There are 2 protein chains.
Amino acid sequence: MMSGSTPGFAFRTTATDGHARAGVLSTAHGDVLTPTFMPVGTQGSVKTLTPAEVAATGARIVLGNGYHLWLRPGPELIAAHGGLHGFVHWPHAMLTDSGGFQAYSLGEQCKVDDDGLLFRSHLDGSRRALSPEESMRVQGLIGADIAMQLDVCPPAEASGAEVLRAVRRTTAWARRCLQAKRPEQALFGIVQGGTDVPTRLAHADELGALPFDGLALGGLSVGEPNALMHELLEAVAHRMDGARPRYLMGVGTPSDLLRGIRAGIDMFDCVMPTRNARNGQALCWAGKIVIKQARYRDDQQPLDSRCTCPACTEGYSRAYLRHLFMAGEILVLRLLSVHNLHFYGELVRRAREAIVENRFEAFCSASLSELGTGP
Amino acid sequence: MMSGSTPGFAFRTTATDGHARAGVLSTAHGDVLTPTFMPVGTQGSVKTLTPAEVAATGARIVLGNGYHLWLRPGPELIAAHGGLHGFVHWPHAMLTDSGGFQAYSLGEQCKVDDDGLLFRSHLDGSRRALSPEESMRVQGLIGADIAMQLDVCPPAEASGAEVLRAVRRTTAWARRCLQAKRPEQALFGIVQGGTDVPTRLAHADELGALPFDGLALGGLSVGEPNALMHELLEAVAHRMDGARPRYLMGVGTPSDLLRGIRAGIDMFDCVMPTRNARNGQALCWAGKIVIKQARYRDDQQPLDSRCTCPACTEGYSRAYLRHLFMAGEILVLRLLSVHNLHFYGELVRRAREAIVENRFEAFCSASLSELGTGP
């Protein structure tokens with residue numbers, strides 16, 4: 001195994017409990033305690049919230065979206081602002097994804113060959129080419145602390161041959177991204193392999209032999225049964241190089257996070273807490289609240305009486321939040337967003353505490369049972 | 001003249017400068033320094049902002065909309081929360097309008113007779129009847145510090161006969177509202193009369209003879225030429241009973257506010273600062289900024305370098321705000337809203353300071369000239 005040597009970037013594990021681990025990810029923009037959840041700021045904004053509000057949920061690292069920021073406002077403009085940190089005024093750590101996943105899912109007429117992706121922008125139909133080198137150039141200009149390699153992310157229904165081709169291409173692009181990366185920017189490799197454990201383990205070893213600063217699991221939560229993902233996590237995560245941070249991309253529900261942490265994952269990102277908020281859903285320990293339901297019409301309780309977030313402690317009742325949602329008022333989208341991110345922040349904070357105190361398994365079982373099948 | 005005697009409600013003038021006056025409006029929810037601008041919380045929310053953010057712009061009184069709150073969520077639900085103060089968690093003063101103006105403008109098939117308004121709800125088409133007594137019942141349940149009488153607000157193109165009929169009906173409804181009002185809730189009368197000065201003066205005297213706690217000018221900024229409104233203000237405002245607060249309803253631009261204050265007005269409300277914000281317009285002393293314009297694409301300056309609001313002091317550049325607007329991000333609507341309300345808050349604060357220091361005319365002329373024809 002051969003870790004990266006990006007200046008200012010480091011990872012160390014400070015406690016373990018089973019496969020679960022507590023650690024510290026050090027970046028040029030501060031330390032991030034792991035396990036950690038990264039709120040998603042797709043277009044340079046964690047939707048509806050200010051950077052200070054995001055930080056107050058406990059987040060010390062956010063994710064920016066390479067595809068969206070590449071197309072609009074463009075990496076050169078961001079670079080002229082001193083990078084994404086300066087542009088969006090976020091003082092803590094940041095990670096960008098390669099843009100590949102959104103090029104597949106949002107780009108039109110997307111074609112993949114050995115050189116990269118060819119597609120049309122979903123914004124204006126313009127032709128775009130995303131090679132490993134272009135992704136590194138774009139992410140370099142955006143200037144997050146951590147960049148992600150360009151990878152090939154096959155759909156859940158892909159054949160075994162397709163998955164193997166994706167793995168091979170991802171490895172080839174991994175080498176090209178490492179060649180093209182900026183010395184001061186950390187770079188993570190992305191393990192592919194669908195839900196086949198031996199393929200995943202082989203790819204984890206292959207990428208682990210390269211000087212990446214961290215290793216991610218990609219191509220999960222793309223439509224495969226949730227139980228399959230959990231099995232794969234249990235079999236693979238703890239066998240990825242333990243000296244480097246392990247990042248499970250685009251996942252997931254609170255239960256997914258708990259299972260991921262138990263399997264040895266350190267980092268997560270997902271749009272769920274903010275997207276669900278905008279759909280009127282609040283994640284609570286006692287279960288999900290769908291705020292438009294008539295049962296909340298006269299309910300003077302706060303969203304979650306056990307929660308310490310601003311939405312739950314500054315005097316907003318469920319009835320008022322429901323009224324705002326029914327009336328189409330933006331304030332409720334903010335309040336539910338901050339609540340859901342606070343919930344995720346608390347979840348990883350408590351998980352970390354349990355790991356440090358060597359009681360993670362009990363915490364995890366009790367939490368999974370309390371959360372039930374949802375949210 | 002005969003002022004109201006609502007317990008806990010009082011108004012006193014502390015300084016005058018020409019017709020302009022500085023005063024203190026005392027309510028059960030604190031003192032409001034006048035001249036004052038009331039941000040509009042149509043549906044129980046000053047759009048996009050929390051109560052604390054609204055208060056931080058300097059506002060100490062907000063307006064709730066009788067029509068909207070009557071239809072949704074309904075005054076009984078609000079009363080069960082301890083009134084609108086408790087429902088929306090706003091600790092300072094509040095005023096509600098009667099619902100009449102929105103019934104005319106939003107309600108469908110609206111008919112007016114001596115008993116009130118008959119119309120269909122714009123939300124569900126249900127038949128609704130708004131009499132003076134029903135308006136007072138609704139506003140009583142909503143429980144703002146100040147209620148407004150139900151009035152008849154003729155359009156700008158109304159004939160002289162229509163205007164006179166509106167005035168007569170408004171006076172009849174004034175008496176009925178005073179009969180029906182809650183003892184603990186202040187009530188303002190609404191002077192009508194179109195742009196005819198003698199009609200306005202006569203109506204101001206007529207209503208001034210009734211025990212209202214304040215007097216408003218209604219039926220302005222309804223489509224008449226702006227200069228006509230200014231002339232009317234100059235001729236009428238200072239001749240409305242000086243012992244009571246004078247409120248110019250639904251007005252207006254920063255220039256309108258300055259002219260209103262010069263004419264002797266104490267209170268204003270308008271959706272402009274928040275509505276313009278949602279359309280991407282920032283009000284600045286140096287002129288209006290339309291944030292989507294290409295000229296701001298690379299502009300690293302804050303919105304207004306002379307402004308002390310969070311949007312201007314927390315590191316957001318014009319280029320970033322433009323990006324957020326082009327990308328449809330809610331954060332920019334918040335930032336422009338808080339900026340515009342802060343601008344209005346500063347405007348009335350400076351106006352008050354100038355009155356107290358006996359230099360209002362110079363301040364007013366300089367400001368009108370700096371603002372130009374806009375914003």
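Residue numbering restarts at 1 for every chain, and letters A, B, ... go by the order of the sequence lines. In this text the structure is predicted, and so the values were computed from the model without any measurement.
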Q.
Taking side chain as everything from C-beta outward and backbone as N, CA, C, O, which of these in B:E76 sits under 4.5 Å from a heavy atom of chain A? Side chain, backbone, both or neither.
A. neither
Q. Hey, which of B:L333, B:L331, B:V46, B:T42 has the most heavy atom pairs under 4.5 Å with chain A?
A. B:L331
(Q) Between A:L324, A:D298, A:L123, A:L49, who has the most heavy-atom pairs with chain B when the cutoff is under 4.5 Å? (A) A:L49
Q) Would you say A:Q300's side chain and B:A80's backbone share a donor-acceptor pair under 3.5 angstrom? A) yes
Q. CZ of B:R127: more than 12 outside heavy atoms within 6.0 angstrom?
A. no
Q) Does CZ in A:R128 sit with more than 12 non-hydrogen atoms of other residues, nucleotides or ligands closer than 6.0 Å? A) yes
**Q.** Greater than 12 external heavy atoms within 6.0 Å of B:R120's CZ
**A.** yes
(Q) Around atom CZ of B:F101, are there more than 12 heavy atoms from other residues, nucleotides or ligands closer than 6.0 Å? (A) no
Q: Output the option from A:I78, A:L335, A:L77 having the highest count of non-hydrogen pairs under 4.5 Å with chain B.
A: A:L77
Q | Contacting region of B:R322 [heavy-atom separation from chain A under 4.5 Å] | A | neither
Q: Please flag which part of B:V88 lies under 4.5 Å from any non-hydrogen atom of chain A: side chain, backbone, both or neither.
A: both
(Q) Looking at every non-hydrogen atom in both residues, tell me the closest pair between A:G44 and B:Y320 and how far apart they are. (A) O-OH, 2.5 Å
Q | Choice from B:K47, B:E314, B:R72, B:M326 maximising heavy atom contacts with chain A below 4.5 Å | A | B:R72
Q. Just by distance, do the side chain of A:R334 and the backbone of B:T48 share a donor-acceptor pair under 3.5 Å?
A. yes
Q) Has the side chain of A:H323 got a donor or acceptor atom that lies under 3.5 Å from a matching backbone atom of B:Q43? A) yes
(Q) For A:R295, I'd like to know if atom CZ has over 12 heavy atoms of other residues, nucleotides or ligands within 6.0 Å. (A) no
Q.
Minimum heavy-atom separation for B:H81 and A:A319, please, with both atom names.
A. CE1-CB, 3.4 Å
